[in-house]
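Right, one structure below, let's go through it.
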Amino acid sequence: MTGNSRIHAIRVHDVDNVVTVIADIAAGAPLFADCDLRASVAVGRGHKIALAPIAHGEAVIKYGFPIGIATADIAPGDHVHSHNLATALRSDGDYHYGPGASEATPDAKPAPTFGGYVRPDGRVGTRNEIWILPTVGCVGNLAARVARIAGARHAGAVDGVHAFKHPFGCSQLGDDLGHTRALLAALAQHPNAGGVLIVGLGCESNQLGALIELIPAERRAHIRTLSAQAVEDDEAACLTLVDELVSGCADTPRRKVPLSQLVLGVKCGGSDGLSGLTANPLVGRMADAVAAAGGKVVLTEIPEIFGAEQLLMDRAISREVFDDTVALVQDFKDYFIRNGEPVSENPSPGNIAGGITTLEEKSLGAVQKGGNVPVVDVRRYGGEATLPGLTLLEAPGNDAVSSTALTAAGATIILFTTGRGTPLGFPAPTLKIASNSALAERKASWIDFDAGSVLEAGFDSTADALLDLITATASGKPTRAEKNEERDIAIWKSGVTL
């Protein structure tokens with residue numbers, strides 16, 4: 001990355017023919033101290049300005065890769081955005097396998113530790129909570145009411161009692177029902193839950209018995225179930241079971257464990273033109289640190305790697321992982337096509353306002369969250385990450401759906417980068433990382449960390465500070481979302497409702 005914080009713009013890669021503005025810039029303002037190039041119009045933070053002439057039909061280059069095709073002649077200093085740049089993304093993909101993914105390089109400094117909860121199967125949680133999971137939307141309010149009463153009753157004994165409501169579990173068919181069942185079964189096994197109560201209604205499609213069968217027998221000791229239709233006082237019966245679960249895990253101590261025991265989920269939402277310059281590459285450094293220590297990193301939002309998927313495929317550790325990655329990407333493209341939607345139906349209005357023009361640009365910025373970690377596995381929706389390194393997880397880009405899927409895959413901390421801001425929180429502790437300092441200052445009640453500081457302080461010191469925050473959070477420090485009681489799930493719906 002060239003340029004510095006005293007200059008208005010950054011050129012990410014030496015071959016780029018655009019620069020990204022790092023602060024609002026007026027017409028006629030210089031872009032760099034060492035050249036005469038000036039902005040021809042006023043441009044907002046995160047937007048692009050042409051560094052060289054770009055002819056109609058020529059590729060616009062950012063991050064060292066094409067992010068689309070110019071739809072008009074563009075002069076140096078011109079604003080480059082939706083009015084003169086269009087996606088070149090196709091529904092098919094010409095992917096190639098090139099073996100030789102590099103290993104994660106250990107840091108010269110000793111890897112940090114954190115205080116975690118070691119579970120009987122050896123996995124480590126960052127929280128010791130009671131989770132109440134309804135099998136169906138009909139008992140969601142019952143679950144929430146029980147969590148509220150039990151949370152007050154057992155305050156201090158566990159880290160919290162939380163119910164995760166959703167509207168599904170009945171009138172679903174095929175993959176839809178399978179998604180709901182697999183997601184809930186995976187959450188029930190999460191190491192952050194010292195105890196789990198699964199509450200059913202009794203007559204729903206998502207029957208308790210079928211859900212429990214998806215959970216290995218050796219992981220069921222901390223789980224209790226109840227069918228509300230089968231008891232007279234469902235609330236009292238639920239509370240009795242929660243009391244039992246609390247007594248079984250309340251004395252679980254935090255123990256000092258290595259960073260290798262962390263499962264890191266990485267996510268972006270409400271991105272802007274700085275996300276790929278500050279927050280996402282900063283999170284990529286966290287991914288590198290965790291993987292180098294022997295830990296697991298999970299990357300999802302598959303539609304938001306379209307246009308950058310070859311970069312991940314190049315890091316596949318085997319032909320099998322490469323083939324699984326190709327299948328994952330192509331299946332998602334086919335999903336769009338079956339529903340009559342173009343594969344490039346992205347970025348969002350907020351992304352565009354923040355300076356992102358095409359899906360290729362968004363994806364090239366987004367995949368940086370995976371750092372340089374080799375891709376070791378591909379998991380379908382509801383699956384668990386089991387191997388050290390980077391796992392690609394099937395889920396859409398929707399913030400709530402993908403973050404829930406990351407939790408279900410075993411993420412014990414989620415790093416969520418954002419350029420626009422969002423208050424959402426999920427079952428696993430979720431650190432909100434702002435791409436720009438203005439957002440961090442304006443929404444301090446939402447944001448946990450200001451990645452905009454890399455423009456002043458550089459990546460090394462900022463990365464050290466973020467890693468310190470991650471280990472403190474893993475050791476119990478509450479996130480902004482936890483303090484705000486923002487804890488929700490969302491389940492992927494892709495089929496027919498009866």
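Counting non-hydrogen atoms of other residues, nucleotides and ligands closer than 6.0 Å to CD of Glu320 gives a total of 12 or fewer. Atom CD of Glu218 has more than 12 neighbouring heavy atoms from other residues, nucleotides or ligands inside a 6.0 Å radius.
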- Message: Leu299 vs Lys369, test: side chain to side chain contact (heavy atoms under 4.5 Å, CB included). Steps then yes/no.
- Response: CA-CA 8 Å; Leu299 175 70; Lys369 300 191 304 293; 4.1 Å; yes
- Item | Stepwise side chain to side chain contact (heavy atoms under 4.5 Å, CB included) test for Leu211 and Asn206 | CA-CA 7 Å; Leu211 192 157; Asn206 186 26; 3.6 Å; yes
- Message: Would Asn192 and Asp159 count as a side chain to side chain contact (heavy atoms under 4.5 Å, CB included) here? Give the steps.
- Response: CA-CA 10 Å; Asn192 282 11; Asp159 292 335; over 6 Å; no
- Item | From CA spacing to verdict: side chain to side chain contact (heavy atoms under 4.5 Å, CB included), Leu439, Asp272 | CA-CA 11 Å; Leu439 172 63; Asp272 69 354; over 6 Å; no
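Here the side chain of Thr391 pairs no donor or acceptor atom with the backbone of Val298 at under 3.5 angstrom. Side-chain atoms of Asn484 come within 3.5 Å of backbone atoms of Ser445 as a donor-acceptor pair (strictly under, hydrogens ignored). Listed for the His190 side chain is no donor-acceptor partner under 3.5 Å among the backbone atoms of Ala409. A donor-acceptor pair under 3.5 Å is formed between the side chain of Tyr381 and the backbone N or O of Trp492. When atom types are taken as modelled, the side chain of Arg487 and the backbone of Phe426 share a donor-acceptor pair closer than 3.5 angstrom. In this structure a side-chain-to-backbone donor-acceptor pair under 3.5 Å is present from Thr126 to Thr412. Between the side chain of Gln261 and the backbone N or O of Gly295 there is no donor-acceptor pair closer than 3.5 Å. In this structure a side-chain-to-backbone donor-acceptor pair under 3.5 Å is present from Asn436 to Gly419. Judged purely by atom type and a 3.5 angstrom limit, Asp448 has no side-chain atom pairing as donor or acceptor with the backbone of Thr479. Of the possible donor and acceptor atoms, one in the side chain of Thr471 sits under 3.5 Å from a partner among the backbone N and O of Asp468.
Leu177 contributes atom CG, which lies 9.0 Å from atom SG of Cys170 (distance to the nearest 0.5 angstrom). We find the CD1-OG distance between Ile356 and Ser363 to be 9.5 Å, quoted to the nearest 0.5 Å. Distance check: Ile22 CD1 to Leu277 CG gives 9.0 Å after rounding to the nearest 0.5 Å. Taken to the nearest 0.5 Å, the CD1 atom of Ile433 stands 8.0 Å off from the CG atom of Leu469. Between the CG atom of Leu226 and the CG atom of Leu142 there is a distance of 8.0 Å, given to the nearest 0.5 Å. Remark: His222 NE2 to Ile130 CD1 distance equals 9.0 Å, nearest 0.5 Å.
With contacts defined as side-chain heavy-atom distances shorter than 4.5 Å, the pair Ser205/Gln172 does not qualify. The side-chain heavy atoms of Thr418 and Ile447, taken from C-beta on, include a pair separated by under 4.5 Å. Taking 4.5 Å as the limit, some side-chain heavy atom of Arg380 sits within range of a side-chain heavy atom of Asp331. By the 4.5 Å heavy-atom criterion applied to side chains, Asp488 and His166 are not counted as neighbours. Side-chain contact between Arg285 and Asp460 is present, with heavy atoms from C-beta onward closer than 4.5 Å. No side-chain heavy atom of Val329 sits under 4.5 Å from any side-chain heavy atom of Leu312. Using a 4.5 Å cut-off on side-chain heavy atoms (C-beta onward), Thr252 and Arg119 make contact. Between Pro216 and Gln189, some side-chain heavy-atom pair lies under the 4.5 Å cut-off.
For the pair Lys165 and Pro134, the tightest heavy-atom approach, listed with the atom from each and the gap, is CA-CG, 4.1 Å. Scanning all heavy atoms of the two residues, the minimum distance from Ser402 to Ala395 falls at CA-CB, 4.2 Å. Here the closest non-hydrogen pair linking Ala428 and Ala411 is CB-O, 3.4 Å. Taking both residues in full, the closest heavy atoms of Gly382 and Ala186 are given as O-CB, 3.6 Å, listed atom of the first, atom of the second, then distance. Across Arg315 and Asn372, no two heavy atoms sit closer than the pair NH2-C, 3.8 Å. For the pair Cys268 and Glu304, the tightest heavy-atom approach, listed with the atom from each and the gap, is SG-OE1, 4.4 Å.
Side chains of Asp450 and Ser437: a donor-acceptor N/O pair is present below 3.5 angstrom, by distance only. Looking only at atom types and distance, the side chain of Ser348 has a donor-acceptor partner in the side chain of Asn351 under 3.5 Å away.
Looking at residues two or more places apart in sequence or on another chain, you find a salt bridge (charged side-chain N to carboxylate O under 4.0 Å, His left out) between Asp243 and Arg153.
The salt bridge (Lys or Arg N to Asp or Glu O under 4.0 Å) analysis of residues 170-196, with sequence neighbours excluded, yields the pairs Asp176-Lys493.
Salt bridge absent: Glu301 and Lys362 never bring a charged side-chain N and a carboxylate O closer than 4.0 Å.
Screening Arg420, Lys267, Lys432 for a salt bridge (charged side-chain N to carboxylate O under 4.0 Å, His left out) with Asp399, the sole residue that qualifies is Lys267.
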